[in-house]
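Reminder, nothing fancy here: chain letters follow the sequence lines and each chain counts from 1.
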Amino acid sequence: MFAAVIVGVNSKDVNRLFDYKIPDRLTDVIKVGHRVFVPFGPRHVQAYVMSIHDDTGVPEDKVKEIVKVMDVEPVLTDELVELSKKLANYYIEPYISVIETILPVALKTKSKKVLMLDDSASGEAKFIYESYAVNGELETKSLHTRDLAKLMPYIDTGEIYEDILIKQHTRKKIQKGVRSLYLNKAPLERAPKQYEALHVIEDSNEPVLLADLKAQGYSEALVRELEKKGYVEKLDMIVERDPYESAVFEADYEKELTGEQTAAFNSINNALNNREDETFLLHGITGSGKTEVYLQLIQTALNNGRDAIMLVPEIALTPQMVNRFKARFGDDVAVLHSALSHGEKYDEWRKIQSGRARVSVGARSSIFAPFKNIGIIIIDEEHETTYKQSERPMYHAAEVAKLRSEYHHCPVVLGSATPSLESYARSSKEVYKRFELTHRPGMQQVPKAEIVDMSDEHKDGNSGILSRRLEAAIQDRIDRGEQTVLLLNRRGFANFQICQNCGHVPQCPNCDISLTYHKNNSSLLCHYCSYEEQVTRKCADCGSTDVTFRGTGTQKVEEILRDVFNVDIIRMDVDTTQRKGAHEQLLSRFESDNVPILLGTQMIAKGLDYPNVTLVGVLNADTMLNLPDFRANERTFQLLTQVAGRAGRHELPGEVIFQTYNPEHYAITLAMTNNYTEFYDREMQFRKFARYSPYYFHILFTVSAERIHDCLEATTDIHKTLVDNVSESCIIIGPSPSPIERIKNKNRFQILLKYKREPELKHVLDALDEKYTQIYKKTGLSLKIDVDPQYIM
DNA sequence: AGCACGCCGACT
DNA sequence: GTCGGCGTGCTC
């Protein structure tokens, strides 16, 4: 028997199947999807079994044997093996890189060659071995050639031998536990506390964690006493990391659905029961109770003995959200998000793989949850760009969801208050079935927003960040003891430093971008390559000391707000939420201390639901409008609509104020009136006219190299290849410099391909990828192919 | 990707 | 003479 494997080496060069002989002792063990350990060239690597055959075309003298199986059960199901192939083909990626994104990083293993001391070793061998060993271990690689020469004689005699050590990325977490030996020794009459503790231990069917006993008031000394008397023994227990172990969840019960909710629920529920892989679009205004529909659908899936995947954007993975799921489904829920450690992620993954969790709630990557019988996949806030991975493999979770639903014959639900144009267009053509939720059960109606024209403010001599209208509204809330949420879509203290004398703005030496001023450590920081320099209050260009800071970031606004209102303010941006748990802490303080103002970047636009928030202000509604991206309007509309939905969600009516320099722009006026369909129509006209998605599919080619000349040569070549090989209905834009021309000292040029139907395109992409992988090895020029890009920049 | 092989320059 | 620099090529 032979196994065709993909080796755990992330390189295009080895992106193919390698056949290995399955040793007889493993023929009944090894299955498709198993992790195995194989000799590969001069070393050993981990590999994944993709298929199993009776014969191989590889000559006998070349075929090697699988050394070892890494797991009892395969880590990939047949479905996930197939899925990885499809994704690798679609996104032009090596198989291994897809497999490694499907699996938790903790499963990656590396091996190292070490020298070991044989039991038969003489004192002499032992002495010399130990003189080179570090922490009792001797890695061959770290050994100097001449030192190896000294060890050589003993290697020849076999006293020292070479072995391969596999190091697991993550170890299981081990804690001390105690187990009863059920021995009726001398009674414990004179030690009632010990007697009690012994009963606690005996009452449990499993060994008890020492930490748990301590929590119940039995000291370690007491347990030690029991151990000494021979009643119990200590042992190591493998415990699962549960990031939510200290949280208490109140039970949450099903709520009665409104008419609109019921219509959507029934239809999707039918698809679920009938095992149809249909896609639904749930278009519901903020607060219309999409989540309740999701929860009840998941319940049906569970009742049918099937599993459920729920995706939410990373920033929406708030404790509020997670709590609701934990409250409804208890321990059946696995939670996966980027703030978990590798070990924690692995444990959640294991919970799913072993069948102990039947529901997963998580960010993008949890679409790969290793369920074996999926009943429903839900993607909440489906328009969010975070569902597309910005690094390779650049997959979109919705694309993966569709593939998985086909396999499992289960419905996919896309939910949003502001669906992406692509999804809404598909629902309009009945490719997706759409349901509208237009009411907010038990809530105030969505507040109408008000637009403040900031150029009018300037004309009237108010050059500050706060319009008079917004300032008065905030003061009003403060007086009434209500809360305000302010959105400012920019971080840092001020955008940049500028010389008043010559106009020089400090630039990143590696990237084509201005440095951002951060006040807390008084530094200038590049947001692309993390280059950092200290602020010198002197122009680097002309030497003038007349330098100031321009633009206004969250730090600066926080100061202004403190000056104006003299109240407590919570600021939430990338800088204040980096620490683990900081996000939760800030939000819970906002609620419990009734802090008057919450100021933040877009991360505050989602999921916040606090009854006392009655005012939402957007300080700069148009920052995203001017981005060089065809989706700029859509993003602006979405963000404004989302953040407006934060106000007046309960008894108190809400008010929303947008400050802008473009008071006439339809993305802003239609967000003000909360008119999605009209926005959709207007924006579709633009997309049709400019020939963009959803009328066309896109592929973005980005070439980066140190020399501009090399970029141009490559992009010209790619351009020609495309022209020669695609049909005339395609539109090729470029080559042109990328919006950020230089990142990390590499120049960047791009080509955008727009196409409708191009069956042969895949081969062209493969050929280009192949060609430029070779070129990359020689010259360092790289080509990135982004299929269905989210950003054209 | 790694790792060995191999062919060149500069050291004890 | 040997050590080690990194270009080249292969991995079932």
- Message: I'd like to know whether the aromatic ring centres of His396(A) and Tyr91(A) sit less than 6.0 Å apart in this structure.
- Response: no

- Whole-Å distance separating the CD atom of Glu100(A) from the P atom of dA1(B): 13 Å

- Round to the nearest Å and state the distance from Ile6(A) atom CD1 to dA1(B) atom P. 16 Å

- Message: How would you summarise protein contacts on nucleotides 7-12 of chain C per nucleotide, using B for base, S for sugar-phosphate only and - for none, with heavy-atom distances below 4.0 Å?
- Response: ----BB

- Once you round it to whole Å, what is the distance between P of dG2(B) and NZ of Lys108(A)? 10 Å

- Query: Is there side-chain contact between Leu722(A) and Cys730(A), with heavy atoms separated by less than 4.5 Å?
  - Reply: no

- Within this structure, what is the NZ-to-C1' distance between Lys12(A) and dG2(B), rounded to whole angstrom? 19 Å

- Note, Lys771(A) side chain near Asp717(A) side chain (heavy atom, < 4.5 Å): yes

- Backbone of Val81(A) reached by a side-chain donor or acceptor of Lys86(A) within 3.5 Å: no

- With a 4.5 Å heavy-atom cut-off, do Ile743(A) and Lys746(A) have their side chains touching? no

- Task: Check the pair Ile52(A), Met1(A) against side chain to side chain contact (heavy atoms under 4.5 Å, CB included), reporting the backbone distance first and the verdict last.
- Result: CA-CA 7 Å; Ile52(A) 292 171; Met1(A) 295 281 272; 3.6 Å; yes

